[in-house]
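Just the heavy atoms: all of them, side chains too, but no hydrogens, waters or symmetry mates, feed the values below.
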Amino acid sequence: MNDTLHLTVYQQLQAMLPQLSADASPALHLQDDLGLDSLDVVELVIRLEQRFEVELPDAEIGGWRTLGDVYHTLERHVVSTAAAWWNLSLGFFG
């Protein structure tokens, strides 16, 4: 798991939910435990897409149930985007 990514997700969520505990578990349910409704999830997606400069797939977002689901989506898309950029830049400068 990427600690920096998790910290950034936590910071974005804390801006929306000031009462969120710093040790929020990935098992927390977005709706039942955190009280997020569909509009809150849209706001979270927008915050994360802007922060990480990626576009998250609607199909994956629709499957989010827990905080861990959010982490896994971001790990797949943010890390893969960074790796692709790195490989491209190595080819350009190499």
Quick one: pull up CD1 in I61 and OG in S38 and give me the separation to the nearest 0.5 Å. 12.5 Å
How about CD on E55, more than 12 heavy atoms from neighbouring residues, nucleotides or ligands closer than 6.0 Å, or not? no
Side-chain heavy atoms nearer than 4.5 Å, only ILVMFWY residues, links allowed to pass through others: does that put V41 and M16 together? yes
Run V70 and L30 through side-chain contact (heavy atoms from CB on, under 4.5 Å) and show every step you take. CA-CA 9 Å; V70 177; L30 298 177; 4.0 Å; yes
Separation between CG (L5) and NE2 (H72), nearest 0.5 Å, reads 11.0 Å
Between Q12 and L44, which heavy-atom pair has the shortest distance, and what is it? CB-CD1, 4.3 Å
Side-chain touch L74/T8, heavy atoms, less than 4.5 angstrom: no
Atom CH2 of W64 and atom NE2 of H29: how far apart are they, to the nearest 0.5 Å? 13.5 Å
Does the side chain of E49 come within less than 4.5 Å of V45's, by heavy atoms? yes
Are Q31 and R65 side-chain neighbours, meaning at least one heavy-atom pair lies under 4.5 Å? no
Is there side-chain contact between H6 and Q11, with at least one heavy-atom pair below 4.5 Å? no
Walk me through whether L56 and T73 qualify under side-chain contact (heavy atoms from CB on, under 4.5 Å). CA-CA 8 Å; L56 301 173; T73 296; 4.1 Å; yes
So if you build clusters from Ile, Leu, Val, Met, Phe, Trp, Tyr with side-chain heavy-atom gaps below 4.5 Å, do L7 and V78 land together? yes
Taking atom CG of L34 and atom CG of L67, what is their separation to the nearest 0.5 Å? 6.5 Å
Distance col, row H77:NE2 vs L48:CG, nearest 0.5 angstrom, shows 12.5 Å
Please report the interatomic distance CG(D23) to CG(L28), rounded to the nearest 0.5 Å. 9.0 Å
Filter on salt bridge (charged side-chain N to carboxylate O under 4.0 Å, His left out), then keep only pairs touching residues 24-43, sequence neighbours left out; what's left? E43-R47
